[in-house]
Amino acid sequence: MERLAIEQGKPVRSKPWNFHFHGPDEIGELEKEYVLKALDSRKMFRFMNKREESFTAQLEQFYKNRLGVSYALAVNGGTSSLICALAAAGIGPGDEVIVPAYTFIATAAAVVAVRAVPVIVECDDTLNMDPAAFEAAITPYTKAVIPVHMRGVMAQMNEITAIAKQHGLTVIEDVAQANGGSYFGRALGSIGDFGCFSFQHYKVITAGEGGMVVTNSHEGYIRAGHQHDCAFQFWGGDERVDTIPGENYRMSEINGALGLAQAQKLDTILGRLRQNKQRIADGLAPIPGLALQRVVDPAGDCGVSIVFYLPDSRAAGTFSKALQAEGIPNGTVDNGGVADRHIYRNWDYILNKRMASPNGTPWNCAEYKGSVSYDPDMCPVTLNYLRRAISIGLHQRMSQEDCDDVIHAIRKVAAVIIG
C-alpha cells in the first residue's frame, strides 16, 4: 500500500494543475475577429444592425437551430433570462415557484424579483431536484417549477415534466451550468416551457456576461421580449400581444460577438470534457465505500466535474485534504465554512425574507395567501449529500495522463482512508 503524501509519502502528482475556466481558456483569433468587427461597425446596439449583420441575432439563431426551438432571446445575464421567463409566464405576486435546495442563489433571486415566493425542496443523489420532493411541495398557489441542471448534470426531466403537466405548472429549465448538455437525446433547455442559459465567465462558454431565453411559445417570446426591453414593441414586437412594462436586459453587440465565436467551440469543449470524465469514471469503478454521483443519462452529461460521495462528512473532509496533498485540487461541496451561495442555507436574504423595502414583499403582500417558512436545516437530505460529496473540476485540456493522475490519487487515498 502506498504511503499518503499527507503522511510524508510521495505525492501522485508534483507538476502544477494549470487548468482554469472552460470558455475563457478557448478565447483566440475567432473571438478577436468577431469583437473587432463589431467595434469597427460602430454599432454596439443590436437594433442598429440589420438582423443578418447583428452578432446578437446570429447567436439567437445558433440556439434556435441547436435546440430545435422556435424562439430565442439574448439577454444580459442568466439571472435576467430567468426573470424574463418568469414574467413571460405571468408569474407574480401571490404565486409560488418551486426551486431546488442546491442551485446558485440567482434561481431564487429571480423568483423574488418578480415578487413571487420561492419554495425550496430537497435534492437527491443526482444533486438535482428530487421529483418526489417537488410533487410533495405543490400547493394551490404553485404556478411554476425551476429544475436546475447543476454542474453539467441533467435533472430528471421526464418525472418533473410529468408532475408539472398533471398540476398545470410552467416548467422553466435553468441551464446556466449545463450549456450543451442533453437528456436522452433532447437538448437541455428545449424540454420545458422555457429554457434559460448563462454566458457568464465561469460557464462552459462565455460572452463575459450574457444569457439566453428559449421557448416554443410565440406569446411567451414576445412577453419575455417586453420584459427584457421596455420599448421592445418599437424594435419588433407583436401588436397582437399586449405590452407589459419591462426593464433593460438587452445584450450588446460586443457580448453577442464574443458569445457567437464561443458558441462555435461548444461541441469541441464538451467532447473533450466528456471523454475525460468517462475515463476517470471508468477508472474509479468500483471502489468500496465510494459512490459516484448518479447521472441519469451519462451521454448527456457536460462533464465539467466529477463528484463522488464518502460514507460521512468526516471521511469526506479527511479524504479531500489527503487528495489535495496528492496534487489533485478538489473540494468538499459543503465544508460548513465557506458561504457557498449554491447551497440554500447561505441564501441569507431569502431565508430572512428580506427585500429592499419591508413592505409588499412576496411573502407579506396582500395577494399571497399561502405560508412558506425557511430554516437553514430544512433540507437535511440535500445537506447530507453535500457534506459527503467531493468535487473535482475537469477541463477540456486535461490529457490522459492528467486523468490517470486523478484516478491514481483517488484510489491511493481510498485504499488508506476507506480501506
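The closest donor-acceptor contact from the side chain of Trp347 to the backbone of Arg341 lies under 3.5 Å. Judged by distance alone, with hydrogens and angles left aside, the side-chain atoms of Lys369 form a donor-acceptor pair with the main-chain N or O of Ala366 at under 3.5 Å. Between the side chain of Asp174 and the backbone N or O of Ala176 there is at least one donor-acceptor pair closer than 3.5 Å. Looking only at distances, a side-chain donor or acceptor of Tyr344 sits under 3.5 Å from a matching main-chain atom of Cys379. Looking only at distances, a side-chain donor or acceptor of Gln233 sits under 3.5 Å from a matching main-chain atom of Asp238. The backbone N or O of Val372 lies less than 3.5 Å from a partner atom in the side chain of Lys353, making a donor-acceptor pair. Checked by atom type and distance alone, the side chain of Ser320 never pairs as donor or acceptor with a backbone atom of Gly317 at under 3.5 Å. Under the 3.5 Å distance criterion, the side-chain polar atoms of Ser313 are left unmatched by any main-chain donor or acceptor of Arg387. Thr361 places no side-chain N or O within 3.5 Å of a backbone atom of Pro358 that could act as its donor or acceptor partner. A donor-acceptor pair under 3.5 Å is formed between the side chain of Asn330 and the backbone N or O of Ile328.
Under 4.0 Å is where a charged nitrogen must lie from a carboxylate oxygen, and between Glu401 and Arg13 no such pair does. Between Lys15 and Asp405, none of the side-chain N atoms (NZ, or NE/NH1/NH2) sits under 4.0 Å from a carboxylate O, so this pair counts as no salt bridge. Note on Asp404 versus Arg279: salt bridge recorded, some NZ/NE/NH1/NH2 to OD/OE distance being below 4.0 Å. A salt bridge does not link Asp334 with Arg388: none of the charged nitrogens is closer than 4.0 Å to a carboxylate oxygen. Using a 4.0 Å cut-off between a side-chain N of Lys or Arg and a carboxylate O of Asp or Glu, Arg46 and Glu60 qualify as a salt bridge.
Side-chain atoms of Gln262 and Glu31 form a donor-acceptor pair, as typed in the model, at a separation below 3.5 Å. For the 3.5 Å distance criterion, the side chains of Thr382 and Glu122 qualify, holding a donor opposite an acceptor. Side-chain atoms of Asp193 and Thr170 form no donor-acceptor pair, as typed in the model, at a separation below 3.5 Å. Using modelled atom types and a 3.5 Å distance limit, the side chains of Glu96 and Thr139 yield a donor-acceptor pair. Between the side chains of Glu26 and Gln396, a donor-acceptor pair is found at a separation under 3.5 Å.
Distance check, rounded to the nearest 0.5 Å: CG of Leu59 to CG of Asn255 gives 10.0 Å. Here the CG-CD1 distance, from Asn346 to Ile105, works out to 8.5 Å after rounding to the nearest 0.5 Å. Expressed to the nearest 0.5 Å, how far CD of Glu173 lies from CD1 of Ile191 amounts to 5.0 Å. Taken from CD in Glu209 to OG in Ser198, the straight-line distance is 7.0 Å, to the nearest 0.5 Å. In this structure, Leu169 CG and Ile138 CD1 are separated by 5.0 Å, a value rounded to the nearest 0.5 Å. Considering CD1 of Ile280 and CZ of Phe308, their distance stands at 10.0 Å, rounded to 0.5 Å.
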Run the side chain to side chain contact (heavy atoms under 4.5 Å, CB included) check on Val97 and Ile91 step by step: do they pass? CA-CA 8 Å; Val97 178; Ile91 307 300; 3.7 Å; yes

Run the numbers on Arg397 and Asp25 for salt bridge (charged side-chain N to carboxylate O under 4.0 Å, His left out), then give the verdict. CA-CA 9 Å; Arg397 296 190 181 181; Asp25 281 0; 5.8 Å; no

Report the C-alpha distance between Glu253 and Ser54 in whole Å, list the side-chain angles of each, state the deciding distance to 0.1 Å, and finish with yes or no for side chain to side chain donor-acceptor pair (under 3.5 Å). CA-CA 7 Å; Glu253 280 294 275; Ser54 166; 3.0 Å; yes

Can you list the steps and then say if Glu326 with Lys412 is a salt bridge (charged side-chain N to carboxylate O under 4.0 Å, His left out)? CA-CA 9 Å; Glu326 297 296 338; Lys412 177 182 176 182; 3.0 Å; yes

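Residues Leu30 and Gln264 have side chains in contact (heavy-atom distance under 4.5 Å, counting atoms from C-beta outward). Side-chain atoms of Leu127 and Val307, non-hydrogen and from C-beta on, do get closer than 4.5 Å to each other. Contact of the Val171 side chain with the Pro147 side chain is registered, since non-hydrogen atoms from C-beta on lie closer than 4.5 Å. Ser70 is not listed as a side-chain neighbour of Lys64, based on a closest heavy-atom distance of 4.5 Å or more. At a threshold of 4.5 Å between non-hydrogen side-chain atoms, the residues Leu82 and Val213 do not count as touching. Looking only at side-chain heavy atoms (C-beta outward), Glu367 and Tyr141 stay at 4.5 Å or farther from each other. Counting heavy atoms from C-beta on, the side chains of Ser217 and Tyr71 never come closer than 4.5 Å. Put simply, the side chain of Ile83 reaches to within 4.5 Å of the side chain of Gln227, judged on heavy atoms.
Scored by the ring pair (Phe, Tyr, Trp, His ring centres under 6.0 Å) test, Phe45 finds Phe47, Trp235 as partners (sequence neighbours excluded). For His167, the ring pair (Phe, Tyr, Trp, His ring centres under 6.0 Å) criterion is met by no residue, not counting sequence neighbours. Arg250 is linked by a salt bridge (charged side-chain N to carboxylate O under 4.0 Å, His left out) to Asp229, counting only residues two or more places apart in sequence or in another chain. Residues satisfying the ring pair (Phe, Tyr, Trp, His ring centres under 6.0 Å) criterion with Tyr102, sequence neighbours excluded, are absent altogether.
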Return all side-chain donor-acceptor pairs below 3.5 angstrom for residues 266-273, not counting sequence neighbours, or 'none' if the list is empty.
unit_1, atom_1, unit_2, atom_2, d
Asp267, OD1, Arg66, NH1, 3.2
Asp267, OD1, Arg66, NH2, 2.7
Asp267, OD2, Arg66, NH1, 3.3

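Contact detail for Leu188 and Ser182: the closest heavy-atom pair is CG-N, 3.6 Å. Of all the heavy atoms in Leu394 and His22, the pair that sits closest is O-NE2, 2.8 Å. Between Asp124 and Thr126, the shortest heavy-atom distance links the atoms OD1-OG1, 2.6 Å. Of all heavy-atom pairs between Ile350 and Pro118, the closest is CG2-CG, 4.1 Å. The two residues Gly189 and Val214 make their nearest non-hydrogen contact at O-CG2, 3.3 Å. Nearest heavy atoms, Asp301 versus Met154: N-CE, 3.4 Å.
If you run side chain to side chain contact (heavy atoms under 4.5 Å, CB included) between Gln177 and each of Gln200, Met150, His149, only Met150 comes through.
Between Tyr63 and Phe199, the distance from one ring center to the other falls under 6.0 angstrom. Not less than 6.0 angstrom separates the ring centroid of His228 from the ring centroid of Tyr249.
Note on residues 131-159: pairs passing salt bridge (Lys or Arg N to Asp or Glu O under 4.0 Å), not counting sequence neighbours, are Asp95-Lys143.
Note: Phe104 and His342 have tilted aromatic rings, judged against thresholds of 30 and 60 degrees for the angle between ring planes.
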